[in-house]
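Read through the structure below, which is laid out as structure tokens, and then see the notes.
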Amino acid sequence: MGKTFIMLGIESSCDETAAAIVRDDGTVMASQIASQMDIHASHGGVVPEIAARAHLDSIDIVIAGALRDAGIGMDDIDGVAATGGPGLIGGVVVGTVTAKAIASARNLPYFAVNHLEGHALSARLVDKVAFPYLLLLVSGGHTQLLAVHGPGAYERYGTTMDDAAGEAFDKSAKIMGLGYPGGPAVEMLAAQGDARAIALPRPLKGSPHCHFSFSGLKTAVATRHAALDPDDPAGPANLAASLQAAIADCLAERSSRAMARFAETHGPSTLVIAGGVAANRVIFARLSDAAATAGFSISVPPAWLCTDNAAMIAWAALERRQQPDNLDFAPRPRWPLDPDAPPPPGRGVRA
Ligand code: KG4
Ligand code: ZN
């Protein structure tokens, strides 16, 4: 074994400016996150131009904070990693330029990390899950099922044909006047509601592929919300619970199909859930049942590692620390994990 490798990770692809220090044995020495949630909340979503400026304001502060929390100096860092895409390009540029500047000034290896790979490998940081495993990535921008064979080796089974699951939560919450981000607000309200009270569709349920579709659900929520009886105080909670149940059903059914496909070739393995929506307890319970039925174990990174953070970016770079990137890497707004995957039937594909 060589000397310990300490990676500085930077994440700035959406609305969190984050820096983390992670050691090659998986020790997270520091993880700082500056959230822009308050800045974007009044707009009901992330405004790219405002996000890019806010990243610029915070990036030095979170890096200095992470070094301070870890009790080390820049001299102790062995490599610098930053999210190189996919995401809002202004933010990705801020993180990329910062990482390149540190790497070139300090003569350190630089790693351009795919944000989705950060989510995909985060379970290995805490659970040491062995390859290959099946990943359900459920965030505000992505809903994908992927067979993870190793760093850089992904086979996409399914993706969303329209909205992501987190987007369905966020857009429905906006319709219901619950604010942003919608997922936690819907989950909280749903706890007081009856999930069987309002019938909502289960898009693509039973279809032979592993793709997702959520935009019809959002439309149904709009219709049902407009039809709520203003004299029924339970209406909003029932709608929130019914929405959450519909999303949970879709995720569980699509994941079951993917687990069956994965097991045909590799046998049962682990279903890893990553991304912000994985924090939802009802969804986790449904997916746990589906995994148990398929003979899979389940792994969900802790909440702080499920939502956007820089520890997962540092870890993804550590998984391939012998293969740094060139400093001429260009940020990528779109960067699919499996570029050869066939597109889903119907409309366009998200990265
Ligand atoms: O992974 P993430 O932090 O950011 C990216 O999109 O990359 O995911 C954010 C998404 C948002 O859509 C948010 O509403 C959703 O995750 N989310 C939840 C919950 N917490 C966050 N959705 C459902 N239930 C939750 N408890
Ligand atoms: Zn993310």
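The figures that follow rest on heavy atoms only: side chains count, while hydrogens, waters and symmetry mates do not. Both ligands and their constituent atoms are indexed starting at 1 by order of listing.
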Practice task
For atom 1 (O) of ligand 1, state which one of A274, G276, A303, P181 supplies the nearest heavy atom.
Solution key: G276
Fill in the blank from the handout: In this structure, atom 24 (N) of ligand 1 is nearest to the protein heavy atom N280 ND2, 3.0 Å
Problem - Nearest-0.5 Å distance that lies between atom OG1 in T307 and atom NE2 in H119 - result: 8.0 Å
Completion exercise
protein heavy-atom neighbour closest to atom 4 (O) of ligand 1 works out as D308 OD2, 3.3 Å
Handout entry: For atom 14 (O) of ligand 1, the protein heavy atom that lies nearest, with its residue and separation
Key = D170 OD1, 2.7 Å
Handout entry: Test item, C14 contacting ligand 1 (heavy atom, 4.0 angstrom)
Key = no
Fill in the blank from the handout: To the nearest 0.5 Å, atom OG1 of T143 lies from atom NE2 of H211 at 13.0 Å
Exercise for the section: Determine yes or no for a side-chain-to-main-chain donor-acceptor pair under 3.5 angstrom, with S269 supplying the side chain and P132 the backbone. Expected result: yes
Practice task
Ignoring hydrogens and angles, tell me if any N or O in the side chain of R320 forms a donor-acceptor pair with the backbone of Q323 under 3.5 Å.
Solution key: yes
Practice task
Could you find the nearest protein heavy atom to atom 18 (C) of ligand 1 and give me its residue, atom name and distance?
Solution key: G183 CA, 3.5 Å
Completion exercise
Ranked by distance from atom 26 (N) of ligand 1, the top protein heavy atom is E187 OE1, 2.7 Å
Exercise for the section: Establish, from distance only, whether the side-chain atoms of T270 and S297 form a donor-acceptor pair under 3.5 Å. Expected result: yes
Handout entry: Minimum-distance atom from the Zn ion (ligand 2) among N, O or S atoms of D308
Key = OD1
Exercise for the section: Would you tell me whether Q244 and S242 have side-chain atoms, one donor and one acceptor, within less than 3.5 Å of each other? Expected result: no
Handout entry: Distance-only N or O hit between ligand 1 and G166, under 3.5 Å
Key = yes
Problem - Y133 six-ring face occupied by R124 cation (under 6.0 Å, within 45°) - result: no
Practice task
State if H119 counts as touching ligand 1 under the rule of any non-hydrogen atom under 4.0 Å.
Solution key: yes
Practice task
Any chance you could measure L137, atom CG, to Q144, atom CD, to the nearest 0.5 Å?
Solution key: 6.0 Å
Exercise for the section: Tell me which part of H115 gets within contact of ligand 1: side chain, backbone, both or neither, using heavy atoms under 4.0 Å. Expected result: side chain
Practice task
Indicate yes or no: does an N/O atom of T307 lie under 3.5 Å from an N/O atom of ligand 1?
Solution key: no
